[in-house]
Amino acid sequence: MEKVAQNSEKIKLATVWLAGCSGCHMSFLDLDEWLFELVKYADIVHSPIADIKEYPENVDVCLVEGAIANEENLELIHKIRKQTKFLISFGDCAVTANVPAMRNMMGSNNADTVLRRSYLELGDITPQLPKASGIVPELLEKVMPVHEVVKVDMYIPGCPPSADRIKAAITPLLEGKMPLMEGREMIKFG
Ligand code: SF4
């Protein structure tokens, strides 16, 4: 693996929440006091747990939670790839598309089908489709895992990955080394 940061520099670490339930980020927060260790070696430059709106340039490592399900996800993942050295598919939704991709089984027009079911047929009060150009992103016709859209450098499966697995995967990266992603503890799905 290419060393992601110079020796004396802190790594620029980002985490991103795309089409997922935020459970992977909850697991990240389960790192508890180890997060204080982490910030000795990494600056969190973008994350749902930090109030930084724009994805910055020159990110060293990014953990991407969630599948690519709408136009906003699609645009953002291309930006992330362009501005990140080492991109990690973080959790089963990113790795396989998982739960968000269940609508793919309904075939073509599935986006319209789920929207109509959720917002019209099951809408109790003023049922209406969510439409607001530039505000509510359009659903894509197919939900995709991250690697179907951009190159992925490493996968951390799990729904969610345990805090121990996240720690074991991230720690070597802080030294510019690749973690050993094998065995039940590191790559079991679910
Ligand atoms: S992998 Fe599981 S925990 Fe993570 S976002 Fe998807 S459903 Fe949630």
Side-chain angles (χ1 to χ4, degrees), residues 13-35 38 42 44-53 55 59 61-81 84 86-106 110-111 113-115 117-119 122 130 136-173 179-190:
L13 177 69
T15 77
V16 174
W17 176 16
L18 303 181
C21 73
S22 89
C24 293
H25 273 84
M26 293 301 110
S27 208
F28 183 76
L29 290 176
D30 278 345
L31 287 164
D32 294 331
E33 66 270 20
W34 190 75
L35 289 169
L38 178 63
I44 311 290
V45 294
H46 184 85
S47 175
I49 61 170
D51 189 20
I52 304 164
K53 308 293 185 215
Y55 192 84
V59 174
V61 177
C62 180
L63 294 160
V64 178
E65 172 192 318
I68 311 300
N70 65 33
E71 286 179 350
E72 183 183 48
N73 300 155
L74 190 60
E75 189 180 323
L76 185 54
I77 198 65
H78 282 294
K79 183 173 188 179
I80 290 166
R81 179 67 278 182
T84 308
F86 197 78
L87 191 156
I88 300 173
S89 266
F90 177 42
D92 288 352
C93 289
V95 176
T96 70
N98 202 26
V99 179
M102 289 174 73
R103 70 173 163 91
N104 290 351
M105 289 187 281
M106 287 187 273
N110 67 68
T113 305
V114 294
L115 285 172
R117 178 68 179 154
S118 306
Y119 289 95
L122 299 177
V136 179
E138 296 283 325
L139 295 184
L140 301 174
E141 271 310 314
K142 184 186 171 207
V143 183
M144 294 171 282
V146 174
H147 68 268
E148 255 187 61
V149 182
V150 295
K151 177 176 168 282
V152 167
D153 300 301
M154 194 176 101
Y155 299 84
I156 307 179
C159 183
S162 68
D164 285 345
R165 185 180 291 179
I166 298 168
K167 182 179 169 185
I170 289 178
T171 303
L173 294 177
L180 195 58
M181 298 301 290
E182 60 180 47
R184 184 181 174 84
E185 292 307 311
M186 295 304 285
I187 56 172
K188 181 180 173 294
F189 285 87

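For ligands, and for the atoms within them, numbers begin at 1 and follow the listed sequence.
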List the atom pairs, donor and acceptor, that lie under 3.5 Å between side-chain atoms in residues 87-97 and the rest of the protein, sequence neighbours left out.
from  : atom 1 : to     : atom 2 : distance (Å)
Asp92 : OD1    : Gly158 : N      : 2.6
Asp92 : OD2    : Gly190 : N      : 2.7
Thr96 : OG1    : Asp92  : O      : 2.9
Thr96 : OG1    : Asn98  : N      : 3.1

Anything under 3.5 Å between a donor and an acceptor, one on a side chain of residues 25-34, the other on a protein residue two or more places apart or in another chain? List them.
from  : atom 1 : to     : atom 2 : distance (Å)
His25 : ND1    : Glu65  : OE1    : 2.8
His25 : NE2    : Thr15  : OG1    : 2.7
Ser27 : OG     : Pro161 : O      : 2.4

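Looking at Arg184, its side chain never comes within 3.5 Å of a backbone N or O of Ile187 through a donor-acceptor pair. The closest donor-acceptor contact from the side chain of Asn73 to the backbone of Ala69 lies under 3.5 Å. With hydrogens and angles disregarded, a donor-acceptor distance shorter than 3.5 Å links the side chain of Arg165 to the backbone of Met186.
Of all atoms in ligand 1, listed by their number and element, those nearer than 4.0 Å to a heavy atom of Gly158 are 1 (S).
Here the protein contributes Cys21 SG as N, O or S atoms under 2.8 Å from atom 8 (Fe) of ligand 1.
Partners of Glu75 by side-chain contact (heavy atoms from CB on, under 4.5 Å), not counting sequence neighbours: none found.
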